[in-house]
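Let me begin by presenting the structure, written as structure tokens, before commenting on it.
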Amino acid sequence: MNYQYPFGQPLIPVTQKDRTPKKVFILGVYASAVHAKWRDKYGTVLVQALAVASEPYIFWRGDGCEEIINNISIPIEAGILEPAQPKFNGPSGKTLDEKYLEPLGLSREDAWLSDLLPSSRINPNQRKALNKHYQPLVDQLSLPECTIPNFSSSELRRQNNRHTEILEEIEESKADTIVLLGDLPIQHWLARFSKYRRLSNFGETRETYGIIHKIEISGKRYNVLPLVHPRQAGSLGKASKKWTDLHAEWLLSKQGG
């Protein structure tokens with residue numbers, strides 16, 4: 001099935017473009033999206049940040065947002081789209097650079113990036129906004145249906161071949177270090193090869209957080225670094241203070257603080 005965003009942009013898988021050997025492999029959860037502020041034809045804001053297109057590259061940093069949104073045409077009666085506030089576009093990518101790669105002495109050129117789900121999903125807040133403001137206009141203005149799936153951990157459990165695809169990516173990357181971002185990459189990928197099921201299994205103290213573990217995966221030993229999801233590290237939306245603080249302390253240790 002070909003999935004599409006509100007106003008018709010196609011859902012596109014976002015994967016690593018630079019396939020040259022890397023020092024580190026980083027596994028997240030699912031791709032983000034380009035977000036627009038949607039105003040009605042009278043200028044009233046309907047949705048502050050509506051997902052309207054796939055991010056142009058994995059762990060996107062928000063660059064080129066205006067051009068992407070300007071290329072999305074919508075009927076005059078549906079209003080206008082404009083770039084959402086900067087905090088809604090590319091926050092995970094910026095956080096990855098500033099609070100993961102830089103403290104490790106790495107750059108994007110050193111990293112192979114991947115997600116459990118290579119394309120974006122709709123979270124509950126997005127679905128609520130769509131149901132309230134977009135869906136009523138679908139028939140009225142002949143708008144395309146938004147068919148992006150909701151995010152569900154059950155989808156991760158149903159992906160029987162994805163763990164093999166990720167392993168193939170790791171082997172192609174030549175990286176000997178794997179960074180896992182939060183519980184879900186541990187639960188739905190690493191758990192297939194080890195005893196670990198969640199981040200807390202590695203410890204929940206400043207002495208145990210951010211430690212590299214030697215783990216055998218498919219016959220090869222890797223340096224595995226389990227860290228919080230960027231949502232926690234960057235305090236992006238709902239976050240656990242405990243894990244945010246642990247990551248902040250890890251950052252200080254990397255800076256020699």
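Separating the CH2 atom in Trp38 from the CD1 atom in Ile80 is a distance of 12.0 Å, to the nearest 0.5 Å. The structure places OG1 of Thr15 at 14.5 Å from OH of Tyr57, a figure rounded to the nearest 0.5 Å. Expressed to the nearest 0.5 Å, how far NE2 of His188 lies from CD of Glu155 amounts to 10.5 Å. For the atom pair CD1 (Ile212) and OG1 (Thr177), the distance works out to 5.5 Å, reported to the nearest 0.5 Å. Here the straight-line distance linking atom CD1 of Ile26 with atom CH2 of Trp112 works out to 13.0 Å at 0.5 Å rounding.
Other residues, nucleotides and ligands contribute at most 12 non-hydrogen atoms within 6.0 Å of the CD atom of Glu66. For CD of Glu67, the number of neighbouring non-hydrogen atoms (other residues, nucleotides, ligands) closer than 6.0 Å is 12 at most. The 12-atom threshold is not exceeded at NZ of Lys23, counting heavy atoms of other residues, nucleotides or ligands nearer than 6.0 Å. Shown here is Asn161, whose CG atom has no more than 12 heavy atoms of other residues, nucleotides or ligands within 6.0 Å. Within 6.0 Å of atom CZ in Arg19, more than 12 heavy atoms from other residues, nucleotides or ligands are found, so the atom counts as buried in its surroundings.
Proximity of a side-chain donor or acceptor of Asp110 to a complementary backbone N or O of Leu106 within less than 3.5 Å is not detected. In terms of modelled atom types and a separation under 3.5 Å, the side chain of Lys22 and the main chain of Glu109 share a donor-acceptor contact. A distance-only check finds a donor-acceptor pair linking the side chain of Gln126 to the backbone of Ala49 [under 3.5 Å].
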Derivation of the side chain to side chain contact (heavy atoms under 4.5 Å, CB included) call for Leu117 and Phe151: CA-CA 10 Å; Leu117 297 174; Phe151 173 70; 4.1 Å; yes
Salt bridge (charged side-chain N to carboxylate O under 4.0 Å, His left out) between Lys220 and Glu171, intermediate numbers included: CA-CA 10 Å; Lys220 180 179 177 180; Glu171 292 171 348; over 6 Å; no
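Looking only at atom types and distance, the side chain of Thr20 has a donor-acceptor partner in the side chain of Asp18 under 3.5 Å away. Side-chain polar atoms of Thr244 and Lys242 form no donor-acceptor pair below 3.5 angstrom. Using modelled atom types and a 3.5 Å distance limit, the side chains of Arg192 and Ser194 yield no donor-acceptor pair.
Using bins of under 30°, 30° to 60° and over 60° for the plane-to-plane angle, the ring pair Trp250/Tyr209 lands in the perpendicular bin.
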Let me have the donor-acceptor pairs involving side chains of residues 88-96, under 3.5 Å, with sequence neighbours excluded, atom names and distances please.
from  : atom 1 : to    : atom 2 : distance (Å)
Asn89 : OD1    : His35 : N      : 2.6
Asn89 : ND2    : His35 : O      : 2.9
Thr95 : OG1    : Pro91 : O      : 2.8

Which atom pairs, one a donor and one an acceptor, fall under 3.5 Å between side chains of residues 130-144 and the rest of the protein, sequence neighbours left out?
from   : atom 1 : to     : atom 2 : distance (Å)
Asn131 : ND2    : Arg127 : O      : 3.4
His133 : NE2    : Leu46  : O      : 3.3
Tyr134 : OH     : Phe7   : N      : 2.9
Tyr134 : OH     : Pro144 : O      : 2.5
Gln135 : NE2    : Glu145 : OE1    : 3.2
Gln135 : NE2    : Glu145 : OE2    : 3.4

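Side-chain contact between Pro10 and Asn2 is absent, with no heavy-atom pair separated by less than 4.5 Å. Phe202 has its side chain out of reach of Ile211: every pair of non-hydrogen atoms, C-beta onward, lies at least 4.5 Å apart. Under the 4.5 Å side-chain criterion, counting only non-hydrogen atoms from C-beta, Asn123 is in contact with Tyr30. Tyr3 places a side-chain heavy atom less than 4.5 Å from the side chain of Pro149.
Residues that satisfy the side chain to side chain donor-acceptor pair (under 3.5 Å) test with Asp97, not counting sequence neighbours, are Arg61, Arg108.
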